[in-house]
Amino acid sequence: MEGANHTVTQFILVGFTTDPVVQLVLFVVFLGIYSVTLLGNTTLVVLICKDSRLQTPMYFFIGNLAFLDLWYSSVYTPKILVICISEDKNISFAGCVAQFFSSAGLAYSECFLLAAMAYDRYVAISKPLFYCQAMSIKLIAFLVVASYLGGFINSSFITKSTFALKFCGDNIIDDFFCDLPPLVKLACGRNDGYQAVLFFILASNVIIPTVFILASYFIIIIIISRIRSTQGRLKAFSTCSSHLISVTLYYGSILYTYACPQSSYSLDRNKIISTFYTVVFPMLNPMIYSLRNKDVKEAFYKFLK
């Protein structure tokens, strides 16, 4: 980078716009989304902990998903709100590292957790009479702990590799958080080793879980197709529909952002997609798993009484 002879100590987050009126509107919108996210996910966690009918393997996974979404949204949204109403759009190098590590760890953990939930749905459909025995407490605890460990171990690799790159000169991140694509674009030099790390992270955290989920649902579809009654097939599929919607939205947006060719990459388009899976998606998850769920709605009414 010509004329760049100093090391970056802080970054400037551009955000979405410099128009003060639009920034105020965005502040109100994101504050509303964040409030609904906190309320929805906290309520779901409390209901699962309090109501004995929801203390099953499926709801244990849903509760952990809600817990992840609480922290996932909290990594981004408070900083977005500050950017919208403050002229200070700086974030220190250490703060950027911390945000990147936390967001990557939570995102990767959610990828693994959604894959574990696909296995849970496979067991529920293939072995309905022995579901609770097959999905023992030890097994579900292992799957959840492994999801967290796998997510944050891989986050350590990508964080170390990304911030080992040399950032000199331009420190303006054309985004609302320290994300991988704009950071890589700012780096003065990249090497083949870093590209190998990127491929490994994408494969281990997104592609492999995606293949596992697709294989699980392929088997589930075969099992459901063998059910003779239409009502039985619909009932079996309904137990998977919420998870399937969640997986499609989350994995679809991540794959679109990080797996698209560099030639077609657009920072403006990336902002919109990344806003969805970092801010909007954590708000939608409680709705996906509760609005069409009779047990959750009954537990909520009971809790209100």
Ring pair (Phe, Tyr, Trp, His ring centres under 6.0 Å) for Tyr148 and Phe112? Distances and angles first, verdict last. CA-CA 8 Å; Tyr148 282 102; Phe112 290 127; over 10 Å; no

For [X] and [Y], which heavy atoms make the closest approach, and how far apart are they?
{"X": "Val36", "Y": "Met287", "result": "CG1-CE, 3.9 Å"}
{"X": "Lys89", "Y": "Ile83", "result": "NZ-O, 2.8 Å"}
{"X": "Ile213", "Y": "Ala115", "result": "CG1-CA, 3.7 Å"}
{"X": "Cys96", "Y": "Leu183", "result": "SG-CD2, 4.2 Å"}
{"X": "Glu110", "Y": "Asn285", "result": "OE2-ND2, 3.7 Å"}
{"X": "Ala107", "Y": "Tyr72", "result": "CB-OH, 3.6 Å"}

Donor-acceptor pair, side chain of [X] and main chain of [Y], under 3.5 angstrom:
{"X": "Asn64", "Y": "Phe60", "value": "yes"}
{"X": "Tyr289", "Y": "Tyr59", "value": "no"}
{"X": "Ser290", "Y": "Pro286", "value": "yes"}
{"X": "Gln10", "Y": "Asn90", "value": "no"}
{"X": "Thr248", "Y": "Leu244", "value": "yes"}
{"X": "Asn41", "Y": "Pro282", "value": "yes"}
{"X": "Ser155", "Y": "Phe101", "value": "yes"}
{"X": "Ser225", "Y": "Ile222", "value": "yes"}
{"X": "Ser35", "Y": "Leu31", "value": "yes"}

Is there a side-chain contact between [X] and [Y], using heavy atoms and a 4.5 Å cut-off?
{"X": "Tyr131", "Y": "Met135", "result": "yes"}
{"X": "Ser204", "Y": "Tyr108", "result": "no"}
{"X": "Leu13", "Y": "Phe176", "result": "no"}
{"X": "Met117", "Y": "Val247", "result": "no"}
{"X": "Arg121", "Y": "Met58", "result": "yes"}
{"X": "Phe200", "Y": "Asn154", "result": "yes"}
{"X": "Leu81", "Y": "Ile85", "result": "no"}
{"X": "Ser103", "Y": "Thr278", "result": "no"}

Answer yes or no: does atom [atom1] of [X] have more than 12 heavy-atom neighbours from other residues, nucleotides or ligands under 6.0 Å?
{"X": "Tyr122", "atom1": "OH", "value": "no"}
{"X": "Phe163", "atom1": "CZ", "value": "yes"}
{"X": "Phe300", "atom1": "CZ", "value": "no"}
{"X": "Gln133", "atom1": "CD", "value": "yes"}

| task | Show your working on side-chain contact (heavy atoms from CB on, under 4.5 Å) between Leu284 and Phe276 and close with a plain yes or no. | result | CA-CA 10 Å; Leu284 294 178; Phe276 175 79; 4.0 Å; yes

What is the distance from atom [atom1] of [X] to atom [atom2] of [Y], rounded to the nearest 0.5 Å?
{"X": "Arg226", "Y": "Ile221", "atom1": "CZ", "atom2": "CD1", "value": "13.0 Å"}
{"X": "Leu47", "Y": "Ile62", "atom1": "CG", "atom2": "CD1", "value": "11.5 Å"}
{"X": "Phe218", "Y": "Leu214", "atom1": "CZ", "atom2": "CG", "value": "11.0 Å"}
{"X": "Lys166", "Y": "Leu186", "atom1": "NZ", "atom2": "CG", "value": "15.0 Å"}
{"X": "Asp175", "Y": "Ile80", "atom1": "CG", "atom2": "CD1", "value": "9.0 Å"}
{"X": "Asn205", "Y": "Ser109", "atom1": "CG", "atom2": "OG", "value": "8.5 Å"}

Handout entry: Shared hydrophobic cluster, Phe27 / Val82 (ILVMFWY, side-chain heavy atoms < 4.5 Å)
Key =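 Phe27 and Val82: separate clusters.
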
Indicate, with yes or no, if the rings of Phe100 and Phe177 have centres closer together than 6.0 Å.
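No, the ring centres sit 6.0 Å or more apart.
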
Notebook entry, point to check: Got a sec, which hydrophobics cluster with Leu70, joining ILVMFWY side chains under 4.5 Å apart, including via others?
Noted result: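 Joined to Leu70, directly or through intermediates: Tyr34, Leu38.
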
Before you tell me yes or no, could you show the steps for Val97 and Phe93 under side-chain contact (heavy atoms from CB on, under 4.5 Å), namely the whole-Å CA-CA distance, both residues' side-chain angles and the distance that decides it to 0.1 Å? CA-CA 6 Å; Val97 173; Phe93 190 88; 3.9 Å; yes

Take Leu249 and Phe281 through the test side-chain contact (heavy atoms from CB on, under 4.5 Å) and record every step on the way to the result.
-> CA-CA 8 Å; Leu249 294 175; Phe281 182 76; 3.9 Å; yes

